[in-house]
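What follows is a set of notes on a single structure, which appears directly below.
First the proteins, then the strands, lettered A, B, ... as listed; each starts at 1. As the structure is a computational prediction, the values presented were derived from the model and not from experiment.
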2 protein chains.
Amino acid sequence: MDSKTKAQYEARAKILKALAHHTRLFIIDQLKREKRCVCELTEMINADTSTVSKHLSVLRNAGLVKDEKIGASVYYELTTPCITNFFGCVESVIKANAELQMALTEN
Amino acid sequence: MDSKTKAQYEARAKILKALAHHTRLFIIDQLKREKRCVCELTEMINADTSTVSKHLSVLRNAGLVKDEKIGASVYYELTTPCITNFFGCVESVIKANAELQMALTEN
DNA sequence: TGTACATTTGGTAATTTAACCAAATGACCA
DNA sequence: TGGTCATTTGGTTAAATTACCAAATGTACA
């Protein structure tokens, strides 16, 4: 694997790393529906505001969301909604794993 | 976020975490083309065999690949090829980020 | 049986991640 | 201006991740 190829995979991995946390996946799902400010998201998620803010900055650094200040609040929205198309396939992996597990425990 | 919902997002995050490493993304791309054994993958990737083996076990634990022993070799293949459909959207995020970066550095 | 090859597993050190608290910054309004 | 709400940033700690080396396990074959 040459260094150029490696850099390309690293760029992809950066995006996936940003998605790879349950709180951030929840945020993505919420933003798919509508813009939300940090305080709204914080209320939905059971965590400190600073924790939610940091999750949002991870998503922002990956280019997955953008923010807009309105009054004292900062609203976040998805930059690339296609990102949620992926979850269908993720779900099918989860379902397949569950079925495999079922089949194994039957014995 | 109730505990059931949280568990669902954690299940998704587990899959994404398994994908979130440049070496594992490379492996996924290779396996999309054809089955490969650990030694073939190790030769393509510049890393120790044990490192590659551990990456494969991460993918296996997530249910993304399955293995089959043939002679002394273990061949890996994708369980759910749809996983690669996602990369198109990931690329579009990367491209958008690059364009944004260009626009910013122009000033 | 002995040797070589393929793979996995265990151990260690360095790095990254994530959560919370506390403090700083910024906006709004009485 | 002073107070309050919204958000971000810095600091600390605990846990997870990754890479490599060394050693164990399994397969094939002379």
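If you take CG of B/Asp48 and P of C/dG10, they are 16 Å apart, rounded to a whole angstrom. Rounded to an integer number of Å, the gap from CD1 of A/Ile45 to P of C/dC20 is 11 Å. One interatomic measurement links the two molecules: CG of B/Leu41 to P of C/dA6, which rounds to 13 Å at whole-angstrom precision.
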Set out, in order, the CA-CA distance, both residues' side-chain angles and the distance that settles side-chain contact (heavy atoms from CB on, under 4.5 Å) for B/Glu10 and B/Lys14, then state yes or no.
CA-CA 6 Å; B/Glu10 281 173 346; B/Lys14 188 187 160 191; over 6 Å; no

Given the rule in the side-chain contact (heavy atoms from CB on, under 4.5 Å) test, do B/Leu41 and B/Gln30 qualify, once you have shown the distances and angles that lead to the verdict? CA-CA 8 Å; B/Leu41 292 168; B/Gln30 293 306 314; 4.1 Å; yes

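Residue whose closest nucleotide on DNA chain C sits further toward the 5' end, between A/Ile70 and B/Cys37: B/Cys37.
Counting any heavy atom pair closer than 4.0 Å across all strands shown, B/Tyr75 reaches no nucleic acid atom.
Not counting sequence neighbours, the partners of B/Lys35 by the side-chain hydrogen bond (donor to acceptor under 3.5 Å, both in side chains) test are B/Glu68. Here A/Phe87 pairs with nothing under the ring pair (Phe, Tyr, Trp, His ring centres under 6.0 Å) rule; sequence neighbours left out. Listed by chain and number, the residues in a side chain to side chain contact (heavy atoms under 4.5 Å, CB included) with A/Asn46 amount to none (sequence neighbours excluded).
For residues 48-87 of chain A, the pairs satisfying disulfide (SG to SG under 2.5 Å) are A/Cys82-B/Cys89, with sequence neighbours left out. For residues 36-45 of chain B, the set of pairs meeting the salt bridge (charged side-chain N to carboxylate O under 4.0 Å, His left out) definition, not counting sequence neighbours, comprises B/Glu34-B/Arg36, B/Arg36-B/Glu40. For residues 79-102 of chain A, the side-chain hydrogen bond (donor to acceptor under 3.5 Å, both in side chains) pairs, not counting sequence neighbours, are A/Glu91-B/Arg12. Sorted by first and then second residue, the ring pair (Phe, Tyr, Trp, His ring centres under 6.0 Å) pairs involving residues 55-78 of chain A (not counting sequence neighbours) are A/His21-A/His55. Residue pairs that meet the disulfide (SG to SG under 2.5 Å) test with at least one member in residues 15-76 of chain A, sequence neighbours left out, do not exist here.
Although no hydrogens or angles enter the test, the distance criterion places no donor-acceptor pair under 3.5 Å between the side chain of A/Thr5 and the main chain of A/Met1. One N or O on the side chain of B/Ser57 and one on the backbone of B/Lys54 form a donor-acceptor pair closer than 3.5 Å.
Residues from residues 20-33 of chain B lying near DNA chain D, meaning a heavy-atom separation below 4.0 Å, are B/His21, B/Arg24 in numerical order. A heavy atom closer than 4.0 Å to some atom of DNA chain D occurs in no member of residues 9-16 of chain B. Taking every heavy atom of residues 51-59 of chain A and every atom of DNA chain D, pairs under 4.0 Å involve A/Ser53, A/Lys54, by number.
In this structure, A/Arg24 and A/Ala18 approach most closely via the heavy-atom pair NE-O, 2.6 Å.
On the nucleic acid side, DNA chain D has its first and last nucleotide under 4.0 Å of a heavy atom of chain A at D/dA6 to D/dG11, going 5' to 3'.
Checked by distance alone, A/Ser50 brings a side-chain donor or acceptor within 3.5 Å of a matching partner on the base of C/dC21.
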